[in-house]
Amino acid sequence: MIEPGMIPQYTGDWAQLEKDIAALRKKAGGIRGAGGDVHSRFQGVSAHYKAPEAGQLLSSTLPVKTTADEFADDIEALAKALETFVSEAKPHADRLKQLKQKAFTFVTASRATTTGPTTRRRSTPTRR
């Protein structure tokens with residue numbers, strides 16, 4: 001017999017997940033921008049700092065920019081993976097929800113059919 005309660009269901013919140021994906025993308029942009037800003041603002045020192053090691057000093061913030069870019073890339077990849085999950089899994093989750101509903105309806109109907117109202121035996125009329 002079908003056990004509708006055993007049909008797995010997605011218990012997450014699709015709308016919230018989509019909001020979280022958008023937030024991840026926004027944060028990635030912020031991280032990328034902050035890393036770039038640190039490096040470009042530090043380059044402003046070049047107008048006032050003249051020394052043999054100036055090039056080395058000015059390039060010292062490039063790893064900040066590079067690391068921020070790499071980290072933002074990773075966050076964007078995560079957002080893309082979650083986006084793919086939503087686009088591929090949601091239709092299946094919706095279908096499972098419908099199937100569970102149909103299964104409950106089917107089980108209820110088949111129980112009613114097999115355990116329906118009791119039928120009375122017709123008594124044969126007695127002859128006089």
- Taking all non-hydrogen atoms of both residues, which atom of P91 and which atom of S87 are closest, and how far apart? CD-O, 3.4 Å
- Query: Which residues satisfy the side chain to side chain donor-acceptor pair (under 3.5 Å) test with Q56, sequence neighbours excluded?
  - Reply: none
- Message: If you count every heavy atom of other residues, nucleotides or ligands that lies below 6.0 Å from E3 atom CD, does the total exceed 12?
- Response: no
- Closest approach of L62 and H39, non-hydrogen atoms and distance? N-ND1, 3.3 Å
- Is S110 reaching over with its side chain to a backbone N or O of V107, donor-acceptor style, under 3.5 angstrom? yes
- CG-CG distance between L99 and D94, expressed to the nearest 0.5 angstrom: 11.0 Å
- Query: Looking only at heavy atoms, which two atoms of Q43 and L58 are closest? And how far apart?
  - Reply: NE2-O, 2.8 Å
Could you list the donor-acceptor pairs under 3.5 angstrom formed by side chains in residues 79-86, with sequence neighbours left out?
from	atom 1	to	atom 2	distance (Å)
E83	OE1	R25	NH2	3.0
E83	OE2	R25	NH2	3.4
T84	OG1	K80	O	3.0

- Message: Quick one, K97 and I7 - any side-chain contact, counting heavy atoms below 4.5 Å?
- Response: no
- Item | In one Ile/Leu/Val/Met/Phe/Trp/Tyr side-chain cluster, 4.5 Å: W14, I21 | yes
- State, yes or no, whether a side-chain contact exists between Q9 and L96 at a heavy-atom distance under 4.5 Å. yes
- Counting heavy atoms not belonging to K100, are there more than 12 under 6.0 Å from its NZ? yes
- D74 side, atom CG; L24 side, atom CG - distance, nearest 0.5 Å: 12.0 Å
- Could you pull out the closest heavy-atom pair between I31 and I75, with the gap in Å? CD1-CD1, 3.5 Å
- Query: Looking at D13 and Q16, what are the two nearest heavy atoms and their distance?
  - Reply: OD1-N, 3.1 Å
- Query: For P63, does its backbone N or O pair with a side-chain atom of T66 as donor and acceptor, under 3.5 Å?
  - Reply: no
- Query: What are the two closest non-hydrogen atoms of A72 and R32, and how far apart are they?
  - Reply: CB-NH2, 3.4 Å
- Taking atom CZ of F71 as the centre, report whether more than 12 heavy atoms of other residues, nucleotides or ligands fall under 6.0 Å from it. no
- Among all residues two or more places apart in sequence or in another chain, which pass the side chain to side chain donor-acceptor pair (under 3.5 Å) test with D37? none
- Message: How long is the straight-line distance from NZ of K102 back to CZ of R95, given to the nearest 0.5 Å?
- Response: 5.0 Å
- Message: I'd like to check V64 versus F42 (side-chain heavy atoms, cut-off strictly below 4.5 Å). Are they in contact?
- Response: no
